[in-house]
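Basis for what follows: all heavy atoms, side chains included, without hydrogens, waters or symmetry-related copies. Naming: A, B, ... by sequence-line order, numbering from 1 per chain. Since the structure is predicted, the reported quantities are computational estimates derived from the model, not experimental observations.
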Amino acid sequence: MQHPCTNNTNWRTRLVKKKATSIIWPGTPLPRAFFDRVATKVAPQLLNKVLASEDGRAGRIVEVEAYLGAIDPAAHTYRGKTPRNAVMFGPPGHMYVYFTYGMHWCANCVSGPEGDGCGVLIRALEPLHGIEQMRAARPRVASDRDLCRGPARLTQAMGINGAQNGLDLVSAHDGFTIVDDGMAPPKARAGNLRIGISVGKDFPWRWNVPGNRYVSGTTAQRR
DNA sequence: AATGTGATCCTCT
DNA sequence: GAGGATCACATTC
């Protein structure tokens, strides 16, 4: 059966209804215009920003990957709009959450003009706040280093799943948002090759915070 | 640190 | 019906 939140026509009306009290982490919400640029420009600028939940969990974004719609064979949107990827074709600044490998959820923020199907996959967070809740959400993990070190790990730690598909990360009224707490992105540097894909491997569209111990992948993949 | 394997089910062809 | 924007654990170096 199709997950209700991936239903093309209903995804907007099926969002979490509860009114946000406040997003705990202090910082400035990113403006809509921040996301309204090509994903390869947005992605590295997203490093060192903070993904925060209204329930108190928050983590600094230390690794991202860009996916560029119609020109990118590794993008879910490469072959056009489907119920699953509909959110990515929607307005920038929303969260596209997908299910993969039969058991994992991953989160992107839609970036670029509406209709282009582009986005940025959040690949790793440095836990900042609500760490006890993250541990509770991932009871089998021994080291705090592994709480959010990987795209499916961080969604589990933050409590993100299909129910959050389509949330508006800009409004700060949907329970999750991305804020700027004053830390600048790392100095510009060339992107790494992307991980975990079978096509489109040649595009250097993965960026991380150099030297940060919460970045995913092997040493060779981190550089 | 690198490699191999099993888990598990949705999505589109 | 095939494969996937992955993780956890075991093994080996």
(request) Check the distance between dA5(C)'s P and Asn165(A)'s CG and give it to me in whole angstrom. (result) 15 Å

(request) Looking only at non-hydrogen atoms, find the nearest pair between Thr155(A) and Ala107(A) and report the distance. (result) CG2-N, 3.8 Å

(request) Identify, with sequence neighbours excluded, every residue that meets ring-ring contact (aromatic ring centres under 6.0 Å, His included) alongside Trp205(A). (result) Phe203(A)

(request) Provide, to the nearest angstrom, the distance between the CZ atom belonging to Phe99(A) and the P atom belonging to dC12(B). (result) 14 Å

(request) Please identify each residue that fulfils side-chain hydrogen bond (donor to acceptor under 3.5 Å, both in side chains) with Arg57(A), with sequence neighbours left out. (result) Asp55(A)

(request) Represent DNA chain B in dot-bracket notation, 5' to 3'. Only Watson-Crick or G-U wobble pairs with both distances under 3.5 Å count; pseudoknot-style crossings use [ ] and interstrand partners use |. (result) |||||||.||||.

(message) Tell me whether the side-chain N/O atoms of Thr219(A) come closer than 4.0 Å to OP1 or OP2 in dA2(B).
(response) yes

(message) Does anything in residues 39-48 of chain A come within less than 4.0 Å of DNA chain C? Heavy atoms only, and list the residues if so.
(response) none

(message) So, using salt bridge (Lys or Arg N to Asp or Glu O under 4.0 Å) as the criterion, who are the partners of Asp116(A) when residues are at least two apart?
(response) none

(message) Suppose we screen for side-chain contact (heavy atoms from CB on, under 4.5 Å). Which residues come up paired with Tyr101(A), at least two apart in sequence or across chains?
(response) His104(A)

(request) For Arg84(A) and dT13(B), give me the distance from atom CZ to atom C1', rounded to whole Å. (result) 14 Å

(request) Check the distance between dG4(C)'s P and Trp105(A)'s CH2 and give it to me in whole angstrom. (result) 19 Å

Listed pairs under 3.5 Å, donor-acceptor, residues 59-70 of chain A side chains, sequence neighbours left out:
| residue | atom | partner | partner atom | Å |
| --- | --- | --- | --- | --- |
| Arg60(A) | NH1 | Asn48(A) | O | 2.9 |
| Arg60(A) | NH1 | Asp181(A) | OD1 | 3.0 |
| Arg60(A) | NH1 | Asp181(A) | OD2 | 3.4 |
| Arg60(A) | NH2 | Asp181(A) | OD2 | 2.9 |
| Glu63(A) | OE1 | Ser216(A) | N | 2.7 |
| Glu63(A) | OE1 | Ser216(A) | OG | 2.8 |
| Glu63(A) | OE2 | Arg123(A) | NE | 3.2 |
| Glu63(A) | OE2 | Arg206(A) | NH1 | 3.3 |
| Glu63(A) | OE2 | Ser216(A) | OG | 3.2 |
| Glu65(A) | OE1 | Tyr67(A) | OH | 2.7 |
| Glu65(A) | OE2 | Ile195(A) | N | 2.9 |

(message) Each nucleotide in nucleotides 6-13 of chain C should get exactly one letter: B, S or -. Can you fill that in based on protein heavy atoms under 4.0 Å?
(response) BSSS----

(message) Nearest whole Å is fine: how far is dA1(B) C1' from Arg145(A) CZ?
(response) 11 Å

(message) Could you list the cluster mates of Trp25(A)? Members are the ILVMFWY residues connected by side-chain heavy atoms closer than 4.5 Å, either directly or through other members.
(response) Val50(A), Leu128(A), Val179(A)

(message) Applying side-chain hydrogen bond (donor to acceptor under 3.5 Å, both in side chains), can you list everything that pairs with Gln45(A), at least two apart in sequence or on another chain?
(response) none

(request) Go through the side-chain N and O atoms of Gln221(A) and Asn192(A) and say whether any donor and acceptor fall under 3.5 Å apart. (result) no

(message) List the residues meeting side-chain contact (heavy atoms from CB on, under 4.5 Å) with Arg79(A), not counting sequence neighbours, and say none if there are none.
(response) none

(message) Does anything in residues 26-36 of chain A form a side chain to side chain donor-acceptor pair (under 3.5 Å)? List the pairs, not counting sequence neighbours.
(response) Arg32(A)-Asp168(A)

